[in-house]
Every structure is written in structure tokens, then in C-alpha cells.
Amino acid sequence: MSKKMLKEERVQIAKRVAEEFETGDIINLGVGIPTMIPDFLGGKEVYLHSENGLLGIGPTPPEEEIDMDLISASKQPITMSPGASLFSSSDSFAMIRGSHVDAAVLGALQVDETGRLANWAVPGKSILGVGGAMDLVAGAKKIILSLTHQSKDGTPKLVAELTYPNSGLRKADMVVTEKGVFRFIDETMYLVEIDENITVEELRKITDAHFEVSSDLKTMNQ
Amino acid sequence: MSKKMLKEERVQIAKRVAEEFETGDIINLGVGIPTMIPDFLGGKEVYLHSENGLLGIGPTPPEEEIDMDLISASKQPITMSPGASLFSSSDSFAMIRGSHVDAAVLGALQVDETGRLANWAVPGKSILGVGGAMDLVAGAKKIILSLTHQSKDGTPKLVAELTYPNSGLRKADMVVTEKGVFRFIDETMYLVEIDENITVEELRKITDAHFEVSSDLKTMNQ
Amino acid sequence: MDKVISPKEAAGMVNDGDTLLVGGFGLSGSPLSLIDEIVEADVKNLTVVSNNLGEEGRGLGRLLKKKQLKKAIGSFFTTNREAVRAWADKELEIELIPQGTLAESLRAGGAGIPAYYTRTAVGTDLAEGKEERSFEGEKYILEKAIKGEVSLVKAVKADKLGNLYYHKTAMNFNPEVATAGNIVIAEVDEIVEPGEISPGDIHTPHLYVDYLVVNDRYVKEGGRYVEKNA
Amino acid sequence: MDKVISPKEAAGMVNDGDTLLVGGFGLSGSPLSLIDEIVEADVKNLTVVSNNLGEEGRGLGRLLKKKQLKKAIGSFFTTNREAVRAWADKELEIELIPQGTLAESLRAGGAGIPAYYTRTAVGTDLAEGKEERSFEGEKYILEKAIKGEVSLVKAVKADKLGNLYYHKTAMNFNPEVATAGNIVIAEVDEIVEPGEISPGDIHTPHLYVDYLVVNDRYVKEGGRYVEKNA
């Protein structure tokens with residue numbers, strides 16, 4: 001798969017997740033695809049929470065205005081939007097743990113058919129980084145997973161059962177891949193939107209998780 | 001006893017407690033006698049912590065500068081000294097509970113001969129107020145009790161055993177009354193200073209608690 | 001995203017039997033206009049969590065006077081004679097909590113911490129019924145988080161997003177209270193544009209604040225809030 | 001009451017085997033001069049509690065490179081290849097803690113709270129060996145406070161009393177770290193007179209800070225701290 005296609009897939013995902021938000025939402029964006037979401041928010045005013053101590057991430061600064069003491073949780077230079085506030089790590093995670101963040105958009109290595117997710121460690125490899133992943137999984141009001149449907153070698157990421165270490169008891173509310181959009185209702189996975197270039201039958205072939213098809217299935221990003 | 005004498009006794013106590021401090025100490029002063037201490041600090045620069053959210057109480061403001069949103073824990077108008085800082089109640093009590101306050105000077109209804117104290121409730125009466133007393137008793141690095149030696153009707157406040165509800169497991173380090181100064185070493189009470197107008201024998205008669213007399217007994221406030 | 005509502009609309013969010021978390025230390029930092037509005041709204045059986053019950057006939061004291069309170073949870077009620085009398089007459093339940101424990105339990109309520117251990121009050125009457133446990137040889141008690149249906153706080157200034165700035169020691173319990181209610185209503189003297197309160201000066205970030213109400217009943221004169229038409 | 005000491009004197013307070021609590025998120029808000037001084041002081045067997053180990057060969061990464069570390073406790077070490085290699089070679093113990101739990105445990109350490117309950121990490125590998133308990137039907141784990149012998153923090157400014165002001169998101173873990181060490185040393189770019197940082201702008205009140213050290217090795221150029229003589 002060419003790099004260009006991968007970029008397009010990622011845009012497809014970011015665009016779709018962006019539709020989920022309403023003006024006023026407080027959102028925490030994980031690394032990777034989620035960082036592309038702000039470009040697709042249109043007119044919606046949402047507030048981006050950065051767990052290293054800021055509410056109100058603004059646009060990326062031009063090179064000459066970069067201050068590496070004003071950075072995102074991905075350690076990228078940022079600016080502050082009007083009304084932004086600064087606070088310490090414990091205050092920042094009090095917001096997350098206390099369920100004051102409306103949605104966390106996270107990447108995932110795997111998600112199972114009930115919504116349980118794995119996004120911090122690979123079995124057999126060193127477990128040396130977790131960051132704020134588990135805090136966000138446990139605390140955000142809504143968990144949206146944004147990931148490519150399969151790994152580079154074609155292995156499904158939407159699985160019947162996790163084989164990677166899970167990130168908590170809390171389950172995802174929604175999964176967005178370049179192939180479709182899934183929601184969980186009572187621990188059952190429903191396909192609610194599908195990419196126009198794939199059929200449900202084809203999707204099942206690249207999805208290890210069992211999913212129901214919504215009676216109201218729509219085409220994605222249209 | 002005339003009001004004037006009571007005032008003198010209170011001054012005597014406040015003056016003696018003030019001697020305990022060193023430049024740089026962080027001190028929390030309770031209501032009553034402790035509030036008189038700042039007048040007797042001489043040149044010593046100490047920092048007064050107010051549990052409602054301020055470190056660095058300055059002098060009482062003149063009437064025209066009073067702001068009832070800048071008050072002490074006794075709800076009296078105050079000012080801020082240079083280098084003062086403002087914070088919330090949970091941050092303020094984190095300082096107290098975390099043992100970052102060098103000394104709390106508290107009033108007491110009773111103190112027993114091991115240093116256990118009672119300063120918040122009277123048996124048989126309604127128990128409707130505790131304030132920060134128990135937090136200070138549990139958390140301050142040093143507990144100094146300042147109280148008149150007897151209650152108005154002559155009942156000893158330094159007792160063999162508390163009859164009033166105690167304020168915590170933590171014991172006082174020092175007791176200052178208008179009659180003498182006591183320190184606790186290994187749960188034993190030692191008289192270390194005595195007022196010039198009273199003998200040890202006379203002091204024993206108005207003290208229910210057993211105390212040892214320090215081999216190095218001094219005259220108080222001299 | 002206009003968070004500004006009328007005091008009447010705010011009071012309408014309080015229902016009979018609710019637990020209200022209220023900022024303030026005595027009258028300082030107390031949402032006086034909101035309280036008066038709730039007094040007029042006539043809801044009852046309220047539980048109030050606040051350090052004090054205002055003063056006699058002022059602030060939260062008015063809810064007591066009008067017999068709208070079932071219970072008061074806080075650290076110091078002794079100086080409010082009406083509270084003492086209402087308690088003696090069994091018209092008011094009182095739950096006494098050490099001041100620092102009150103502040104920390106409210107913080108815990110907002111921070112997703114259901115319970116924590118503290119040395120404060122171990123071995124006293126206020127530890128009765130509370131679980132005791134030792135850590136490294138020292139005794140502690142388990143204290144539970146405090147949460148409520150509605151939080152009422154007072155700030156001197158807000159921006160339109162709901163960021164709050166408190167004035168000096170009128171801050172007190174307000175930042176904690178602002179995190180621990182299902183609905184959080186802030187009474188403010190002034191509302192400014194986003195950006196006018198600088199990022200480092202914001203005490204309560206707007207994600208905690210659901211509604212803003214402008215204080216329309218009290219003005220500050222001679223360093224004290226007094227009723228406008230008094 | 002002069003709290004200002006030389007970087008060398010500060011480094012001399014760190015002993016072999018100590019647990020150091022260190023502020024910073026990556027290199028931002030990291031006490032770079034103090035760390036370099038400790039590298040030169042040659043103490044060893046240190047345990048470092050910090051969100052990361054700086055970067056490879058920078059900040060705390062230098063202590064690792066010089067094999068002065070026995071153990072690292074933090075939330076994210078994956079991007080420091082040297083840490084990964086040292087761990088694989090069993091030269092470095094690593095204890096992984098979720099970022100929010102790390103921040104809260106440091107706060108607890110400073111606030112006299114020995115332990116608290118959190119939902120974070122329940123049911124995961126990181127909850128192994130931790131006590132589980134339900135509150136209102138939800139599962140939580142018990143997390144213990146973190147304390148240390150020496151805290152190292154970085155602020156952009158201090159006054160002579162030791163009040164600290166942090167610059168933007170360089171604040172991160174510094175306020176919590178400043179409360180949880182037996183000895184607290186703050187590295188600052190500038191020291192001003194008491195009163196010059198206004199009461200509402202002080203992030204860490206001076207009662208937490210034992211010593212001040214002026215950053216003498218790094219200057220900020222193009223928004224980044226660079227070595228003066230590099």
C-alpha cells in the first residue's frame with residue numbers, strides 16, 4: 001500500500017471522528033491519527049485538553065514562535081487558544097479521572113467485540129511506556145478509538161478476544177477505521193457506517209470480531 | 001480576677017510562645033491567645049499560614065483598607081506580606097496534613113500529662129464545630145498549646161486524664177500558660193520554666209497533671 | 001455555548017432533597033445571590049455541604065431560617081446560633097467533618113477518587129464508624145469522596161467560556177466545590193471575553209462550569225458585600 | 001534565610017541509593033543544570049521518579065548513560081532507546097505507573113495521604129499485586145503515596161523566599177514533585193525580590209522549597225534550552 005493511500009485512510013478516519021463532536025465539547029486527542037482531527041472540525045468550537053497541563057490547544061505555531069515549554073502531550077509545540085488555561089499534572093488528571101473530559105480519541109492496537117481495548121503494550125515486548133492511556137480509558141466520558149482496520153501485514157485489529165494486554169475494564173463507545181464505523185450497545189458491536197468501496201461481506205473477512213449490522217447502515221463520510 | 005489581669009496573663013503567654021520561633025518558620029496560629037503572638041516576634045521573620053488559603057499574613061489593615069475577602073481563619077481582615085501566596089482550601093490543608101507547617105499554636109480546653117489534648121468539644125454540649133483543629137493536630141510538625149492555666153472557675157486544664165473529647169492521637173510538644181512552660185519528653189511532662197510569682201509547690205496545687213521539674217528550671221519570660 | 005442564565009433559571013435546577021455543595025468560608029466567597037434565589041424558589045429538604053452555614057440570617061443562614069434544610073455537612077456551625085438551636089430542636093441534622101478533610105473529600109469527589117486515607121481525626125469521636133488502617137506503623141482512617149447534585153460557587157470574574165477567577169481568600173473551598181457537583185453553577189460579579197483572564201490566572205478551568213449567573217443582588221461597599229436595595 | 005546555594009552544594013545533598021523525585025515532561029520543566037551537576041558528582045544506585053528519563057543523552061538520560069541509576073519509576077520510557085536497552089540488559093529496573101496515578105501519588109506524598117483508590121489500571125497488568133476494592137459497585141485499586149529523599153524541580157522564576165513560578169506547560173509535574181521530597185531543591189532561571197511575583201501567580205509557595213539554585217548551564221534560544229558552551 002502506497003504512503004499516499006495510507007495518508008488518505010488516516011484522513012478518512014480523522015474526518016469521521018471530527019463529525020462526532022459538538023460545539024463546547026472537551027476533547028483529549030491521543031498521538032497518531034487523533035492529532036489530525038482539529039483540521040476537520042469545521043466551525044465547531046471544541047476545547048482540546050492536553051494532559052501535560054493545558055485546556056485550549058490552539059494552532060501549531062510558526063517556527064519563530066515555537067516555545068518548547070508550551071507543548072502537547074505528544075511533545076509537539078502548540079499555542080493557546082483564547083480562554084486557554086494552564087495547570088499541573090495532578091490537576092490535569094483530576095479532570096480526566098473525574099470524568100470532566102467529554103471524549104478521548106485514542107489509537108488502539110486491538111479492540112474486542114465487546115469494546116474492550118488494548119493500546120499500550122505488545123505481548124513479548126518490553127512494557128516500558130503507558131503514558132496517560134489508562135487514565136484516559138478509565139476516566140473520559142466517551143472513548144472513541146481511531147485506528148486503521150488492519151495492521152500493516154493485514155492482521156485484523158478488531159478481534160473476537162484481545163491477545164494484547166488490555167488497557168482497563170472500561171470499554172470503548174465507538175470505533176472508527178477507514179473501512180467503517182462501529183458502535184457498542186450492551187457489549188455488542190454494531191456496524192453503523194461502511195466505506196463506499198467495501199461490502200459488508202468483504203468487511204467481515206478482514207474483521208475477526210463478530211459484529212451486527214445496524215438496520216440503519218449508512219455510507220461513511222457522506 | 002480583673003479583665004486587666006487576664007489581658008496581662010494572655011500577653012505573658014503570647015510573649016513566651018513567640019520566643020519559640022526562628023526566622024523562616026511557617027506558623028499557623030489558632031484563634032484566641034495565638035492571634036496576639038505576631039506583636040511579640042521582634043525582628044524574627046516568620047510566615048503565618050492561614051488555613052482558609054494564604055501563606056504570609058501581614059499586619060491588620062486600617063479600616064478604610066479592609067476587604068472581607070482577605071481574611072484570616074478567624075474571619076478577621078488581614079493584609080498580605082511581601083511574598084505572600086494565595087491558594088484553595090485543599091491546597092492549604094495539603095500543607096498542613098503533609099507536615100509542611102513548622103508549628104501550630106493552638107488553644108486547648110484540656111491537655112493531659114502525656115501531651116494528649118482536647119480543644120474542640122465539651123462533653124454534654126452540642127458538638128457543632130471542629131474547624132481545622134484536628135487537621136492541625138494531626139499534621140503540624142510541632143504542636144504548641146497556649147492556654148490559661150485554669151478555667152475561670154479555677155478548674156485545672158492540665159489534667160491527669162482528659163475528660164473532654166480528644167482532638168487526635170498526636171500529642172502536644174509544649175504547653176505555655178501564664179504560670180509556666182512545660183515540655184513533653186517520652187510522654188512525660190516537664191516543667192521547664194515557671195512564672196516568678198509562683199513556687200513549684202503552689203503550681204502543683206493548681207495542676208491536676210503530674211509533671212517532673214526540669215533540672216534546669218528557669219524563670220519564665222526573663 | 002452561552003453558559004449565562006438568569007438567577008431564577010439557576011435556582012430552578014435545584015430540586016427538593018438535593019445535596020448542594022456550596023463554596024465560601026463564612027460569607028466570603030459565598031454565592032449570595034444564588035442562595036437568595038433558592039430561598040425564594042422554596043425548594044426543601046436540602047442537604048448543604050459547606051464549611052459553615054453562612055451567618056445567622058445571611059448567606060446559607062437564610063436557607064436554614066426558612067427551614068429548607070434537612071442536613072448540614074461542614075466543619076464549623078457553632079457560631080451560628082440558629083444552627084445550634086435548630087440542631088437542638090431536631091429540625092436540622094448536622095454532620096461534622098474536619099475542615100481539611102472536607103476540602104480533600106470535595107477534591108476527591110471531583111477527581112474520581114472514591115476514598116483516601118488520612119491521619120486527621122484518628123482516635124477521636126469524629127472517626128466513629130470510620131475504617132481504620134495502618135500504613136508504615138501509623139494509623140489512618142478512610143474518608144470517602146463527597147459529591148452532590150448541584151455545586152454553587154462564587155467567583156469575582158468569569159469569561160464567557162466559564163473560566164473562573166477568585167478574589168484573594170474568597171477562593172477558599174470554591175475550586176474544590178466547582179469540581180464535585182453534577183451541575184455546577186458559578187455566580188460572578190463580572191463576565192469578560194475569553195482571553196481577558198490570562199491562562200495562568202484561571203483558577204477553575206471552564207470544563208468544570210456548566211452555568212454562569214451574574215450577581216444581581218449584592219454590591220461590594222467598604223470591602224463587604226451588601227444588599228443592593230438594603 | 002538565604003535559600004540560594006551553588007549547584008555543587010545542591011548536588012552534594014544527593015546520596016548513593018537515594019530516591020530522587022524529578023519534575024519535567026520530557027525535557028520541558030526539567031532541572032537540567034542540577035541533573036548535570038549530579039552527573040558530575042558521581043553518586044550512584046539512584047532511583048529516579050519522573051514521568052520520563054529525559055531524552056537519550058539529555059536531562060535525566062545523562063544519569064542513565066553514566067550508569068548512576070538503579071531504577072526508574074515513571075509512565076513513559078519507550079522513546080528513550082538507551083532506557084529500553086539498559087532494561088533489556090538488566091542494568092535498569094523499571095516500574096511503570098500510569099501518568100495520572102504518578103501525578104496523584106506524588107501529590108498524595110506531599111499532602112499526607114498515604115494511599116487512595118483509583119479506577120485507573122484496574123484489570124490490567126499494571127494492577128498486579130495491587131489491592132482491589134469496590135465502591136458503589138465499581139472496582140478500584142489502592143495506590144500508595146510516593147515520597148523521596150530529594151526533589152528536584154525547575155521553575156522559570158523564584159523570589160528570594162523560594163516562591164516558584166513555572167512557565168506554561170513546563171509546570172507539569174513540578175508542583176507535585178515540590179511537595180513530596182524530604183529536601184526540595186528548585187532550579188530557576190531568575191531570582192527576584194519577595195513581592196515581585198504576585199500572590200496569585202505563585203504556583204509553589206515557599207514553604208515547600210528548601211534551596212534555590214540558579215540555572216548556570218542552559219540558556220533558552222529559539223524556544224529551546226541549549227547548553228551555554230555548546
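Given the structure is predicted, the values throughout are model-derived calculations rather than measurements. Throughout, protein chains are lettered first and strands after them, A, B, ... in sequence-line order, and every chain is numbered starting at 1.
- Using a 4.5 Å heavy-atom cut-off against chain C, the contacting residues of residues 129-137 of chain B are B:Gly129, B:Val130, B:Gly131, B:Gly132, B:Met134, B:Asp135.
- Between atom CG of residue C:Leu126 and atom CD1 of residue B:Ile127 there is a gap of 7.0 Å, rounded to the nearest 0.5 Å.
- C:Gly123 approaches B:Asn166 most closely through the heavy-atom pair O-ND2, 3.1 Å.
- Nearest approach of C:Met171 to B:Phe87, heavy atoms of both residues: SD-C, 3.4 Å.
- Side-chain atoms of B:Arg97 never come within 3.5 Å of backbone atoms of C:Arg119 as a donor-acceptor pair (strictly under, hydrogens ignored).
- Contact of B:Ser167 with chain C is made through the backbone alone, with heavy-atom distances under 4.5 Å.
- Using a 4.5 Å cut-off between heavy atoms, B:Ser72 touches chain C through its backbone atoms (N, CA, C, O) alone.
- No part of C:Ser105 comes within reach of chain B, as not one of its non-hydrogen atoms sits under 4.5 angstrom from that chain.
- In terms of heavy-atom pairs under 4.5 angstrom with chain C, the leader among B:Asp91, B:Leu54, B:Ile78, B:Asn52 is B:Asn52.
- For C:Pro98, the parts lying near chain B are the backbone and the side chain together; criterion is any non-hydrogen pair under 4.5 Å.
- Side chain of C:Thr169 to main chain of B:Ile71: a donor-acceptor pair is present (N/O by atom type, distance under 3.5 Å, no hydrogens or angles).
- Pairs passing the side chain to side chain donor-acceptor pair (under 3.5 Å) check and including a residue from residues 143-153 of chain C, sequence neighbours excluded, read C:Lys130-C:Glu143.
- Shortest non-hydrogen contact noted between C:Glu176 and B:Ser88 is OE2-OG, 2.6 Å.
- The pair C:Lys220-B:Asp69 meets the salt-bridge criterion, with a side-chain N (NZ, NE, NH1 or NH2) lying under 4.0 Å from an Asp/Glu carboxylate O.
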